[in-house]
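A short write-up of the structure that comes next.
All values reported here derive from a predicted model rather than from experimental measurement. The analysis underlying the following values was restricted to heavy atoms, covering all of them including side chains, and did not include hydrogens, waters or symmetry mates.
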Amino acid sequence: MPNSWDRFAAREPYFAVLTHDRYLRANWNAAAEAEFFESGEAYVSELYGIVRARVAPHFAPVSVLEYGCGAGRLLEPFARRATTVTGVDISPAMLETARKHVPNAELIEARAFENDPRTFDLVNCFLVLQRMRRREGIELLKRLVLRVREGGAGVFHFPYRAHTSPAIALARQARARVPGLNALANLARRKPASTPFIESNTYDIDEVIAVLQDAGFASPHVIFTRHGDLDSVIVYALRRAQLDRRADVSSAPPARADETSALHIDVKKLIAGTPIEELNRTAEAYFSSLTDWEDHLAKPFSRADDAPQLLINLGVTLQGLSLTPGMTVLEFGAGTGWLSRFLTQLGCRAILMDVSPTALQIARTLYEKQPPIGDRPAPRFLVFDGRRIDLPDASVDRIVAFDAFHHAPNPEDVLREFGRVLKPAGIAAFAEPGPEHSKTAQSQYEMRTYGVVENDIDIHAIWEAAQRAGFADLKLAAYNVPPFHLSLAEYDDLLAAGDAYARWAESTRAFLHNVRDFFLTKAGVAEIDSRHAAGLRATIEASLAGNRVTATIHNTGRARWLPSDELYGGVVLGGHLYTPEGRLAKFDYAWIPIPRALAPQEEVTFTFDLPPVEHGRYVLELDCVANKVTWFAQVGSVPARMEVDVE
């Protein structure tokens, strides 16, 4: 049967999934293909909705197993929602077809998958069990339920009743079991003799539910469906997080209560039972045990699989921080310093803070091996005791916690410290996981193995605590990883708010269930200085007597001008020379320090001599410029212009 099925799948990969004539190769066209895959999108969208409504409100699987993936009808919409998608099928020909449609999915033959030890956040098995005889199907189901990780979901479809006469049922059974009979029946119907008979076997509901119950699935949600002459059931169920049944549950002795509870780490109990000093020592023990720092020194480019999500997340974080050169930025949980090095490259005064001295030593090594380009402020390294930040009140412009805040056992205390050290209107940026983070398999492993806190991020509780700590505003970032890839036609449909737009919105919503990127702004009014381009405006009046210029400069903007010698944002008077025809003759012809810093609405008058230049007639344009920020003309100011004759 497997060989004949594979030959049939190679010949009719779509009809083998959905047995309707429009999916035959002879009838296959763009409309049939669109309908085929749209039916998969409809199924997956409904699956997510049902699981969230009836089984797990925060359902957002990172890893998905589609068993019996066929031509990729369901893999494609799963791949748009999950980080990793694995498709398994008995037919190599089916997998080849699926690979053309879903190139980013991992595709494995069923026999090879038997030795794969992984578990998944979601296991889906649809239109598969009915094609297997009951005994084989139940054995497969027993294996699949163990592929669902603790706290993950399983969705299983199976028929339970066929509306056929005894004669038709007997004939179908004979075609499936009597050698040669199916070939004769195919020839009689003018089909290739090798076309396999596609069985529609039924199952006992009680037996299936018993398999799920024995594997630790709780309160399944059941939907009854009818297709043709088959009544079927789709079971949506959650595997209880406190059970670990990697062995064959049918033969394993029942676990004692103390054994099952020990397998699941309750993060609240971990925090309550572990002093902060011990958690600090645990972090230091991890970093000090590292014999090879290469992976940490290479971040965010340590692994090709991780880099895209890290960089997209970093971009979202940097945008929300609204940085300007010269700002003092504290990185909470800086670890080995890769993000702070980028902050330094952007011209910020980075303070790297971590509970692990060894992590900070790795960060120092990173700065030594990859020094920022150009004249940049030196970083500062600060050991955190887990309670108080060793900085004065209102001393930093920004704080960033990138995948670090959920490790804090005392989040409200940390928020209070953030509020203390931030300047008025300062921003604290967070890139964190979601509200069910502690229950994921990876978090459970980290807490069990390393003793690290993997806290849930409850944004409502955080906002309440943040307001008590002096923050006045909260904004969350909505984005998606990976980006939603579309054909040109689909892209046009998205812009027109069509079906593609709805799929994009659903994909984004699914991703956002498991992440929380947010920004807290401290109460108060920020003092805007000349590092902020948006606050820069000036009027310039200038006159020329011989070689000497008299200039009056008026600060008409909102920003306080920093002294001219400030590396970032210091305001100077700059000049360009043009020919009378308007051609640029010399850029940065004059670069004149302004005698003093200017507050908004202040002015200053001073004189200076023009630098030497070749003989000729020129037009001198005078404009203010904030060092390494912008020329004022670029943000709306009008430069002063005068004619210059050089003899």
Hey, could you give me the CG/CZ distance between L270 and R448, rounded to the nearest 0.5 Å? 12.0 Å
Note, N480 side chain near I312 side chain (heavy atom, < 4.5 Å): no
Shortest non-hydrogen pair, G151 vs L238, comes out as O-CD1, 3.3 Å
Can you confirm whether H437 sits close enough to E454 that some side-chain heavy atom of one is under 4.5 Å from a side-chain heavy atom of the other? yes
Donor-acceptor contact present, side-chain D456 to main-chain D458, <3.5 Å: no
Going through the distances and angles, do V400 and L343 end up as a side chain to side chain contact (heavy atoms under 4.5 Å, CB included)? CA-CA 10 Å; V400 58; L343 295 174; 4.2 Å; yes
Who are the salt bridge (Lys or Arg N to Asp or Glu O under 4.0 Å) partners of D231, not counting sequence neighbours? R161, R226
Checking S507 side chain against R80 main chain: does a donor-acceptor pair fall under 3.5 Å? yes
Using the ring of each side chain (for Trp, its six-membered ring), is Y14 parallel, tilted or perpendicular to H101, with breaks at 30° and 60°? perpendicular
Contacts of R99 that satisfy salt bridge (Lys or Arg N to Asp or Glu O under 4.0 Å) - sequence neighbours left out: E96
So F287 and H296, do their side chains get closer than 4.5 Å, heavy atoms only? yes
Parallel, tilted or perpendicular: which describes the rings of F78 and Y48, with under 30° parallel and over 60° perpendicular? tilted
With side chain to side chain contact (heavy atoms under 4.5 Å, CB included) as the criterion, how do L297 and I362 come out once you've worked through the C-alpha distance, each side chain's angles and the decisive distance to 0.1 Å? CA-CA 7 Å; L297 293 173; I362 299 174; 3.9 Å; yes
Is it the case that the side chain of N514 and the backbone of G434 share a donor-acceptor pair, with hydrogens and angles ignored and the cut-off at 3.5 Å? no
Grab the two heavy atoms, one from T86 and one from F120, that are nearest each other, plus how far apart they are. OG1-CE2, 3.6 Å
Decide yes or no on ring-ring contact (aromatic ring centres under 6.0 Å, His included) for Y160 and F224, but give the supporting numbers first. CA-CA 10 Å; Y160 69 93; F224 293 92; 5.8 Å; yes
Of E76, E41, E66, which meets salt bridge (charged side-chain N to carboxylate O under 4.0 Å, His left out) against R81? E41
Decide yes or no for C69 and M94: does some side-chain heavy atom of the first lie under 4.5 Å from some side-chain heavy atom of the second? no
Applying side chain to side chain contact (heavy atoms under 4.5 Å, CB included) to L290 and D295, what does each step give before you reach the verdict? CA-CA 10 Å; L290 296 175; D295 188 69; over 6 Å; no
Examine distances only and state if a side-chain atom of R239 and a backbone atom of V148 form a donor-acceptor pair shorter than 3.5 Å. yes
I'd like to know if the side chain of D89 reaches the main chain of L95, judged simply by a donor and an acceptor atom lying under 3.5 Å from each other, with no hydrogens or angles considered. no
Quick one: CG on N104 to OG1 on T83, what's the gap to the nearest 0.5 Å? 11.0 Å
C125 side, atom SG; L144 side, atom CG - distance, nearest 0.5 Å: 5.5 Å
Check whether the side chains of E12 and Y23 place a donor and an acceptor atom closer than 3.5 Å, and report yes or no. no
Using a distance-only test with no angle check, is there a side-chain donor-acceptor pair under 3.5 angstrom linking E506 and S45? no
Heavy-atom check, side chain of I459 versus side chain of F430, under 4.5 Å: no
From CG (L310) to NZ (K299), nearest 0.5 Å: 6.0 Å
Ignoring hydrogens, what is the shortest heavy-atom contact between A500 and D493? Give both atom names and the distance. N-OD2, 2.7 Å
How close do S340 and E331 get, heavy atom to heavy atom, and via which atoms? OG-OE1, 2.6 Å
Would W338 and F301 count as a close aromatic pair, with their ring centres under 6.0 Å? no
Counting C-beta onward and ignoring hydrogens, is there a side-chain heavy-atom pair between V208 and I138 closer than 4.5 Å? yes
Go through E207 and R135 one step at a time and tell me if the salt bridge (charged side-chain N to carboxylate O under 4.0 Å, His left out) criterion holds. CA-CA 11 Å; E207 187 176 15; R135 181 179 58 81; over 6 Å; no
Between N201 and R134, is there a donor-acceptor pair closer than 3.5 Å when you use the side chain of the first and the backbone of the second? no
Would a 4.5 Å heavy-atom cut-off, applied to side chains only, mark V481 and P308 as touching? no
Minimum heavy-atom separation for H513 to P435, with atom names? O-CD, 3.5 Å
Checking side chain to side chain contact (heavy atoms under 4.5 Å, CB included) for the pair V155/Y43: CA distance, chi angles, key distance, verdict? CA-CA 12 Å; V155 179; Y43 170 85; 3.6 Å; yes
Kindly say whether F59 contributes a backbone atom to a donor-acceptor pair with the side chain of R52 at under 3.5 angstrom? yes
Can you tell me if N455 uses its side chain to pair, donor with acceptor, with the backbone of H407 under 3.5 Å? no
Would you say the side chain of R73 lies within less than 4.5 Å of the side chain of L18, judging by non-hydrogen atoms? yes
Take atom OH of Y501 as the centre, draw a 6.0 Å sphere, and report whether it contains more than 12 heavy atoms from other residues, nucleotides or ligands. no
Could you measure the distance from the CD atom of E150 to the CD atom of Q444? Nearest 0.5 Å is fine. 6.5 Å
Is S288 reaching over with its side chain to a backbone N or O of A285, donor-acceptor style, under 3.5 angstrom? yes
In a check of side-chain contact (heavy atoms from CB on, under 4.5 Å) between Y67 and each of N124, L140, I90, L129, which one passes? L140
Does E136, at its CD atom, have more than 12 non-hydrogen atoms belonging to other residues, nucleotides or ligands within less than 6.0 Å? yes
Looking at Q130 and P159, what are the two nearest heavy atoms and their distance? CB-CG, 3.3 Å
Pairing residues for F113 by the ring-ring contact (aromatic ring centres under 6.0 Å, His included) criterion, not counting sequence neighbours: none
Hey, could you give me the OG1/CH2 distance between T365 and W293, rounded to the nearest 0.5 Å? 4.5 Å
Has the side chain of E432 got a donor or acceptor atom that lies under 3.5 Å from a matching backbone atom of F405? yes
